[in-house]
Structures are given as structure tokens and as C-alpha cells.
Amino acid sequence: MNYYNVYCDESCQLERDGINAMVLGAVWCPKDSVKKISDQIRLIKARNSVAETAEMKWGKASPSKNQLFQ
């Protein structure tokens, strides 16, 4: 049997943000790949001088941050 971790997030909180639409998103990965993926994310953050504990927001990705995704 395969086990997966699922990570979900929403784009806003309709009641507080005054936005008419909300986007729900999710990604999943095999449970046995979590450490490898986490290590890769840490390397990307370190390479770009982003604190290891900092949350990276997709809505704040701009052309000046393109190097994060290469």
C-alpha cells in the first residue's frame, strides 16, 4: 500500500479579506519522499538567502524572484 502526504492551502479568507473569490490548492507526495523534498526546499532557500523557517508565498512571487524557481 502507498501512503501520501497532502498539503493544502487557501488563497484568502473571504470574510476578512473582502475578496470575491478563493482558490484552494493542494500538492501531494509519497510519504517516503518527504525528507528528500524538504531537503531540496532548504537548499533552494539557502541558495537564495531565504531564512529556513520563512514561508514562501506564491502570491508574492515576482519576476525579480525567478531564480528561486530555476
Side-chain angles (χ1 to χ4, degrees):
M1 181 180 288
N2 295 326
Y3 290 94
Y4 292 86
N5 279 15
V6 179
Y7 304 91
C8 303
D9 200 9
E10 78 285 343
S11 63
C12 66
Q13 296 180 358
L14 296 175
E15 300 85 17
R16 290 193 284 174
D17 295 341
I19 297 173
N20 293 329
M22 175 187 286
V23 176
L24 301 175
V27 296
W28 60 90
C29 67
K31 193 168 184 164
D32 60 0
S33 296
V34 171
K35 180 172 178 5
K36 178 182 174 187
I37 293 167
S38 294
D39 290 345
Q40 290 172 336
I41 291 170
R42 276 189 209 88
L43 287 172
I44 291 168
K45 286 181 169 184
R47 184 180 72 216
N48 291 280
S49 302
V50 175
E52 188 174 317
T53 57
E55 183 175 319
M56 297 168 61
K57 298 281 194 177
W58 286 110
K60 295 184 180 184
S62 66
S64 66
K65 301 293 184 198
N66 281 345
Q67 77 276 4
L68 284 171
F69 310 107
Q70 296 176 1

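Numbers for residues simply follow the sequence, beginning at 1.
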Undergrad: Give the table of side-chain donor-acceptor pairs shorter than 3.5 Å for residues 31-39, with sequence neighbours excluded, one pair per line with atom names and distance.
TA:
residue	atom	partner	partner atom	Å
Lys35	NZ	Asp39	OD2	3.0
Ser38	OG	Val34	O	3.0
Asp39	OD1	Arg42	NH1	2.9

Undergrad: Using the side chain to side chain donor-acceptor pair (under 3.5 Å) criterion, which residues pair with Tyr3? Sequence neighbours excluded.
TA: none
Undergrad: Shortest non-hydrogen contact from Cys29 to Tyr7?
TA: SG-CE1, 4.3 Å
Undergrad: If every non-hydrogen atom of Ser11 is compared with every non-hydrogen atom of Ala21, which pair is closest and at what distance?
TA: OG-O, 4.4 Å
Undergrad: Is it true that a side-chain atom of Lys45 and a backbone atom of Glu52 form a donor plus acceptor pair closer than 3.5 Å?
TA: yes
